[in-house]
Amino acid sequence: MNDARAVVFDLDGTLIDSLPDLAAALNRSLARHNTGPIARADVAPMVGDGARMLLKRGYAARSLEPGEDDEAEFLADYEAHVTDLTEPYPGIPEAVASLASLGYRLGLCTNKPEASARKVLSALGLERFFGVVIGGDATPYRKPDPRHLAAVLDGLGAPKHHAVMVGDHPNDLATAAGLEVPAIFVTWGYGRAEAPIMIDDAAALVPAVRRILEPAAGGQA
Ligand SMILES: O=C(O)COP(=O)(O)O
Ligand SMILES: [Mg+2]
């Protein structure tokens, strides 16, 4: 009865290159402590476990610890500037639109705060494609807990055996594995991992999804 097929995406490092705004917000926060900026390349491996963890890791790199005020200020500042420099990766809007037009239900499973995630998706014209968006602050079960992904699939009304997860971080792979959902690892993001299915170009996304979810019909396209 239920043959809904779902593709669940990670956001940062998978659909959007948010590192410039994340690093800028982190560095504005550090500057309030008269501390020098951290280079984007050094911020990249700190991304993946949500905004609060990014702030902690950034502060730790300068032998500091963020207080509650720092945290509140950082979250508000980042949300206000979430689209200043952030762009979708090349080919992503087209790939997402194409999956939607093929009838896939699309969901977002991100550790980013949900308000920031929705704001950036809508500014980039992507929100309309996603039936369900669950941010890392909207559930007690954020990635790598597979219940974060399970909640997205529930919302989409798609069974896990008709789903695939797409992400850029070991957290995404662990989340998918925990629910026995196949994963596509994208190599253009911020995390580093080895995985059975890896793609390095957004043009490879639709064929990779189809090979997994419709192997008999059109999967080789
Ligand atoms: O905000 C983060 O740290 C990561 O967000 P993501 O789960 O969309 O990659
Ligand atoms: Mg990510």
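Since this is a predicted model, take the numbers as computed values, not measurements. Atoms considered below: every heavy atom in the structure, side chains included; atoms not considered: hydrogens, waters and symmetry mates. Whatever order the structure lists them in is the order used to number ligands and atoms, beginning at 1.
One side chain, Tyr104 or Glu214, offers a donor N or O that lies under 3.5 Å from an acceptor on the other.
When atom types are taken as modelled, the side chain of Thr187 and the backbone of Ile199 share a donor-acceptor pair closer than 3.5 angstrom. In this structure, the side chain of Asn111 does not engage the main chain of Gly136 through any donor-acceptor pair within 3.5 Å. Thr110 places no side-chain N or O within donor-acceptor distance of the main-chain N or O of Leu108, the cut-off being under 3.5 Å. Judged by distance alone, with hydrogens and angles left aside, the side-chain atoms of Asp168 form no donor-acceptor pair with the main-chain N or O of Asp10 at under 3.5 Å.
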Inset, instruction - Apply salt bridge (charged side-chain N to carboxylate O under 4.0 Å, His left out) to Glu79 and Lys119, showing your working. - result: CA-CA 8 Å; Glu79 192 181 324; Lys119 193 173 168 188; 5.6 Å; no
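Atom CG of Asp69 is surrounded by 12 or fewer heavy atoms from other residues, nucleotides or ligands within 6.0 Å. Enclosure of atom OH in Tyr89 by more than 12 non-hydrogen atoms of other residues, nucleotides or ligands within 6.0 angstrom is indicated.
Around the Mg ion (ligand 2), protein N, O or S atoms at less than 2.8 Å comprise Asp10 OD2, Asp12 O, Asp168 OD1.
Here the options are Arg142, Lys143, Arg147, the test is side chain to side chain donor-acceptor pair (under 3.5 Å), and the partner is Asp145; only Arg147 passes.
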Ligand-protein N/O pairs under 3.5 Å (ligand 1):
from     : atom 1 : to     : atom 2 : distance (Å)
ligand 1 : 3 (O)  : Gly48  : N      : 2.8
ligand 1 : 3 (O)  : Asp49  : N      : 3.3
ligand 1 : 3 (O)  : Gly50  : N      : 2.8
ligand 1 : 5 (O)  : Asp12  : OD2    : 2.9
ligand 1 : 7 (O)  : Asp10  : OD1    : 2.8
ligand 1 : 7 (O)  : Asn111 : N      : 2.8
ligand 1 : 7 (O)  : Lys143 : NZ     : 2.8
ligand 1 : 8 (O)  : Asp10  : OD1    : 2.9
ligand 1 : 8 (O)  : Leu11  : N      : 3.1
ligand 1 : 8 (O)  : Asp12  : N      : 2.8
ligand 1 : 8 (O)  : Asp12  : OD2    : 3.1
ligand 1 : 8 (O)  : Thr110 : OG1    : 2.5
ligand 1 : 9 (O)  : Asp10  : OD1    : 2.7
ligand 1 : 9 (O)  : Asp10  : OD2    : 3.3
ligand 1 : 9 (O)  : Asp12  : O      : 3.1

